[in-house]
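Data block below; observations after.
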Amino acid sequence: MKCKTFFITGAAGFIGSNLAHSLASKGNTVIIYDKLTYAGNLASLEGVPPDKFIFVHGDICNTSLVSETLHNHKVDSVFHLAAESHVDRSIDGPSAFIETNINGTFSLLSAFRAYYESLDETRKQDFRFLHISTDEVYGSLGDDGYFTEDTAYAPNSPYSASKAASDHLVRAWFHTYGFPVLTTNCSNNYGPRQFPEKLIPLVIHNALAGEPLPIYGDGKNVRDWLYVEDHCCALHTVMQKGVIGETYNIGGNCERQNIQIVKSICSILDKMRPKADGFSYENQITFVKDRPGHDRRYAIDASKIKRELGWEPQETFESGIHKTVEWYLDNSKWVDDILNGNYRCERLGLGGTQG
């Protein structure tokens with residue numbers, strides 16, 4: 001298959017950086033477009049071949065810079081991953097989520113639609129705008145049932161409300177302007193290069209540092225967990241085979257309670273990095289006050305993407321969590337770089353970034 005030039009927003013973040021590694025490994029060129037906020041770090045891109053990516057330091061709300069980048073590099077398609085995504089931060093400061101997730105998506109759609117209209121008919125046929133969203137837009141489930149692509153939206157946090165709004169904008173650009181969009185809604189991702197504020201890397205970091213392992217409420221909130229490399233494979237599949245205007249739910253078929261997740265990590269660490277005092281890391285578990293509006297259960301029905309596009313996850317939770325813990329143990333310096341913010345463009349040979 002012909003290699004392409006993909007524009008990835010938020011490509012220095014968790015899912016974006018893993019996607020950049022995946023696409024570049026297949027011979028594609030990736031435009032790394034990232035504002036480099038606290039959760040985006042160039043350390044995550046180390047190992048991507050320098051001749052396969054171009055870094056642009058920019059805000060997705062900067063329509064002129066986005067447009068300039070598109071024309072300069074003759075972009076073929078876009079993966080839109082840039083987003084504020086931490087629920088706790090959205091509760092404390094929702095304005096950044098409105099600005100990035102809603103206004104930023106609107107700015108991108110405006111820039112990309114103008115660029116799309118400038119393409120010749122052959123390139124228009126191949127162009128796609130893939131918008132990556134979350135299962136949180138659907139709200140909360142009870143003990144039974146699953147989110148499908150037809151589930152009504154019912155977001156319960158400022159974060160999920162802002163993502164729901166961006167989903168609606170993308171849908172409107174397809175129905176109003178015929179813009180070639182695709183949308184995916186994924187379950188909780190985990191794996192390498194995730195910022196240590198999220199549950200799994202936070203637990204690994206705190207366990208090794210001898211700090212409390214905080215669990216909200218009773219720890220019985222349920223999430224469907226998706227290994228990030230499986231997610232990247234799904235995104236590439238949707239980009240290649242997805243039907244324009246359609247939405248595809250992407251899940252890992254791995255429902256677990258938060259307390260089960262934490263105990264699984266503790267068990268693995270007990271074997272791979274036992275404590276000097278002989279005690280289990282589980283002794284560091286601490287239950288804390290539940291977050292406001294904490295959804296009880298998310299679970300994805302991913303049968304559509306399997307049936308229509310032939311994708312399904314390859315990792316079980318057991319295999320994925322072992323790979324994840326092992327990666328963090330082997331890459332402690334990456335965690336230090338992320339937490340300390342001491343990574344420089346020069347280490348990747350990025351002298352020509354744009355602001």
Side-chain angles (χ1 to χ4, degrees), residues 1-2 4-10 15-16 19 23 28 60 63 66-67 70 75-83 101-139 146-155 160-187 226 231-251 300-312:
M1 181 178 178
K2 178 185 175 183
K4 295 185 176 183
T5 297
F6 291 111
F7 187 107
I8 310 176
T9 68
I15 300 172
L19 180 62
L23 292 173
N28 299 291
I60 59 174
T63 306
V66 171
S67 297
L70 294 175
V75 168
D76 293 308
S77 286
V78 58
F79 292 91
H80 175 33
L81 286 134
N101 298 353
I102 301 177
N103 294 338
T105 298
F106 166 71
S107 295
L108 281 178
L109 287 167
S110 299
F112 273 94
R113 179 181 166 229
Y115 172 73
Y116 171 73
E117 293 298 336
S118 75
L119 300 177
D120 61 39
E121 289 305 315
T122 299
R123 293 189 65 201
K124 277 185 177 180
Q125 289 296 319
D126 292 335
F127 185 88
R128 300 290 185 273
F129 183 103
L130 175 47
H131 172 64
I132 292 87
S133 190
T134 172
D135 58 358
E136 295 190 42
V137 298
Y138 298 125
Y146 298 89
F147 296 136
T148 73
E149 290 80 0
D150 295 322
T151 299
Y153 277 30
S160 56
S162 68
K163 289 299 289 184
S166 69
D167 292 6
H168 291 318
L169 284 173
V170 171
R171 174 185 169 86
W173 255 242
F174 168 68
H175 284 280
T176 301
Y177 304 114
F179 189 55
V181 305
L182 298 153
T183 298
T184 58
N185 295 86
C186 68
S187 58
L226 173 66
H231 187 197
C232 291
C233 179
L235 293 177
H236 199 200
T237 300
V238 172
M239 180 65 82
Q240 290 180 299
K241 302 178 181 179
V243 176
I244 291 174
E246 288 293 308
T247 295
Y248 298 92
N249 282 351
I250 305 173
I300 284 280
D301 177 353
S303 59
K304 177 179 177 178
I305 190 172
K306 179 181 178 180
R307 180 180 65 253
E308 297 185 7
L309 306 185
W311 176 88
E312 60 183 326

(request) Output, in order, the C-alpha distance, side-chain angles, deciding distance and verdict of side-chain contact (heavy atoms from CB on, under 4.5 Å) for L19 and F6. (result) CA-CA 10 Å; L19 180 62; F6 291 111; over 6 Å; no

Please round to the nearest 0.5 Å and tell me the distance separating atom [atom1] of [X] and atom [atom2] of [Y].
X    : Y    : atom1 : atom2 : result
M239 : T184 : CE    : OG1   : 9.5 Å
I305 : I250 : CD1   : CD1   : 4.5 Å
I244 : F129 : CD1   : CZ    : 13.5 Å
F179 : R128 : CZ    : CZ    : 11.0 Å
H236 : L130 : NE2   : CG    : 10.5 Å
L119 : E117 : CG    : CD    : 8.5 Å

Mind listing the side-chain donor-acceptor pairs of residues 109-116 below 3.5 Å, one per line with the distance, residues two or more places apart or on another chain?
{"from": "S110", "atom 1": "OG", "to": "F106", "atom 2": "O", "distance (Å)": "3.0"}
{"from": "Y115", "atom 1": "OH", "to": "V75", "atom 2": "N", "distance (Å)": "3.0"}
{"from": "Y115", "atom 1": "OH", "to": "V75", "atom 2": "O", "distance (Å)": "2.6"}
{"from": "Y115", "atom 1": "OH", "to": "R123", "atom 2": "NH2", "distance (Å)": "3.1"}

(request) For K304, check side chain to side chain contact (heavy atoms under 4.5 Å, CB included) against everything at least two apart and list the hits. (result) E149, E246, Y248, R307, E308

Return yes if some donor-acceptor pair links the side-chain N/O of [X] with the main-chain N/O of [Y] below 3.5 Å, else return no.
X    : Y    : value
N28  : T5   : no
S160 : P155 : no
N249 : A302 : no

Any heavy-atom pair between the side chains of [Y] and [X] that's under 4.5 Å?
X    : Y    : answer
L81  : I8   : yes
L108 : V66  : yes
Y153 : D167 : yes
L235 : H231 : yes

What is the minimum heavy-atom distance between [X] and [Y], and which atoms define it?
X    : Y    : answer
I132 : K163 : O-NZ, 3.1 Å
Y146 : I300 : CD2-O, 3.9 Å
C186 : L226 : CB-CD2, 4.2 Å
V137 : T134 : CG2-O, 3.3 Å
S162 : I102 : O-CG1, 3.6 Å

(request) For the residue pair H80 and T9, confirm or rule out a side-chain donor-acceptor distance under 3.5 Å. (result) yes

(message) If we count only N and O atoms by modelled type, under 3.5 Å, do the side chains of D301 and S303 hold a donor and an acceptor together?
(response) yes

(request) Determine, stepwise, if the pair W311 / V238 fulfils side-chain contact (heavy atoms from CB on, under 4.5 Å). (result) CA-CA 9 Å; W311 176 88; V238 172; over 6 Å; no

(message) H131 vs R171, test: side-chain contact (heavy atoms from CB on, under 4.5 Å). Steps then yes/no.
(response) CA-CA 10 Å; H131 172 64; R171 174 185 169 86; over 6 Å; no

(request) Assess whether ring pair (Phe, Tyr, Trp, His ring centres under 6.0 Å) is satisfied between F7 and F79, documenting all intermediate values. (result) CA-CA 6 Å; F7 187 107; F79 292 91; over 10 Å; no

(message) Within a 6.0 Å radius of atom CZ on F147, are there more than 12 heavy atoms belonging to other residues, nucleotides or ligands?
(response) yes

(request) Please lay out, stage by stage, how S107 and I60 fare under the test side-chain contact (heavy atoms from CB on, under 4.5 Å). (result) CA-CA 7 Å; S107 295; I60 59 174; 6.0 Å; no

